[in-house]
Colleague: 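First the structure, then my questions, so here it is.
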Amino acid sequence: MLGDRVYADHAATSPMLPEVREAWLRASSTAGNPSSLHTSGRAARRVVEEARESIAADLNARPSSVVFTSGGTEADNLAVKGLFWAARDRGVAPRILASSIEHHAVLDPVEWLEKHEGADVSWVPVDRAGLVHPEWIAETIGQAAGDVALTTVMWANNEIGTVEPVHEIARICREARVPFHTDAVQVLGQVPIDITSLGAAAVTISSHKVGGPVGIGALIIDIAQQFTPVIHGGGQEREIRSGTLDCAAAAGFAAAVRTAVAAQAEHAARMRSLQAALITGILGAVPDAILNGGHDEFRLPGNVHFTFPGCEGDALLMLLDAAGIDCSTGSACTAGIPEPSHVLLATGVADSLARSSLRFSLGRTSGDDDVARIVAALPAAVDRAKRAGGRMGS
Ligand code: PLP
């Protein structure tokens, strides 16, 4: 519970942790610009470098590989555009392999490169559970004789929670010398992350998904890889990402990562048990509900994603909101018109069913009472949403 509300939208953002607020507040009294050479500047630089070292140690990466950004969206843009442009400068074919279920922070830059920069995009298909099959990537890279600018496949999907076989994909890409980027925004704190053993060219993380401040994230890079910057300016972050570093946000981010990594195993086990209770409860309360995504280790521990046939997802969301429950449809809304989720469509779900879906994402504030309240509120909400849908259709 979060106050008197059931907060089941941790995948959108997770409330700030007390230890993060403390670290953030402490660092916010640092006066200098981390790039300044004087004593105050050096003090601010120390805060940033300690945060960098802490995040690197928690994820088994080298401190020099942590490039701070304004969040997951910017890190994804830097990975996709930065790797693409650098490959093109080396004379590599402008070919991108991207999974069809990426977050818009990856999907849109890929489409932008296709439209404006001549990228030749192969969309990696997924199965009904949302899983990418590494053989498809191996085969496609093989056909291109390794002449590929980058491959990008998210570590776990933000809507249906499917956890992808990124270690296998990273190995295939490494052997073919194709830079591999993965968006790990949703896995941080839910699944163990070991950057060195993954061996990717770039990994995206974001602070606010694990109780850190909004507005900071990182791209963790293989320092041997070239990245053409997206943001030019003062040359900070070794000229990969210019802009004055926010030392308070960096300190808060490091505290959030530290807590997320230290608590990961225990947190995942607790989420698994709540997840199982919520799935069983929903299937019991709404027998025609359809569970989307993968099972067991192929699903994020905090994710529960259902289709409720006959209901408009947005209507259901608002009815649950009125019952004190915060959840999400996961799909984008363009100019006020609800769009069916590209993720569900990619898994083969029909357009009408894709519009009838809801995501409950559990997290640190979730407990048995949250599960009980969702299960208790759903039947009446589904019933009303179905009746409203029927009226609209007639
Ligand atoms: N990637 C994934 C998988 C996400 O879920 C999100 C946030 O929803 C992002 C990227 C964007 O991160 P940020 O909100 O830090 O820009």
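Counting starts at 1 for both ligands and their atoms, following the listed order.
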Colleague: State whether R174 and D222 are salt-bridged, where the test is any N-O pair (Lys NZ or Arg NE/NH1/NH2 against Asp/Glu carboxylate O) under 4.0 Å.
Modeller: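 Answer for the salt bridge query: no.
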Colleague: Between W112 and H116, how do the two ring planes meet: parallel, tilted or perpendicular, split at 30° and 60°?
Modeller: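 Correct class here is tilted.
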Colleague: Counting only heavy atoms not in W24, do more than 12 sit closer than 6.0 Å to its CH2 atom?
Modeller: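 No - once you tally the heavy atoms of other residues, nucleotides and ligands closer than 6.0 Å, there are 12 at most.
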Colleague: Can you pull every nitrogen or oxygen pair between ligand 1 and the protein closer than 3.5 angstrom?
Modeller:
residue: ligand 1; atom: 1 (N); partner: D183; partner atom: OD1; Å: 3.4
residue: ligand 1; atom: 1 (N); partner: D183; partner atom: OD2; Å: 2.6
residue: ligand 1; atom: 5 (O); partner: Q186; partner atom: NE2; Å: 2.7
residue: ligand 1; atom: 8 (O); partner: H103; partner atom: NE2; Å: 3.3
residue: ligand 1; atom: 8 (O); partner: K209; partner atom: NZ; Å: 2.6
residue: ligand 1; atom: 14 (O); partner: H208; partner atom: NE2; Å: 2.8
residue: ligand 1; atom: 15 (O); partner: G72; partner atom: N; Å: 2.8
residue: ligand 1; atom: 15 (O); partner: S206; partner atom: OG; Å: 2.7
residue: ligand 1; atom: 15 (O); partner: H208; partner atom: NE2; Å: 3.4
residue: ligand 1; atom: 16 (O); partner: G72; partner atom: N; Å: 3.4
residue: ligand 1; atom: 16 (O); partner: T73; partner atom: N; Å: 2.9
residue: ligand 1; atom: 16 (O); partner: T73; partner atom: OG1; Å: 2.6

Colleague: Decide, yes or no, whether a salt bridge links D108 with K115 under the criterion of side-chain N to carboxylate O below 4.0 Å.
Modeller: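 Judged by the 4.0 Å cut-off on N to carboxylate O distance, D108 and K115 do not form a salt bridge.
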Colleague: Are more than 12 heavy atoms, taken from residues, nucleotides or ligands other than R128, located less than 6.0 Å from that residue's CZ atom?
Modeller: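 Buried by this count: over 12 neighbours within 6.0 Å.
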Colleague: Quick one: does Q190's side chain have a donor or acceptor within less than 3.5 Å of a partner on G302's backbone?
Modeller: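 Looks like yes, one N/O pair under 3.5 Å.
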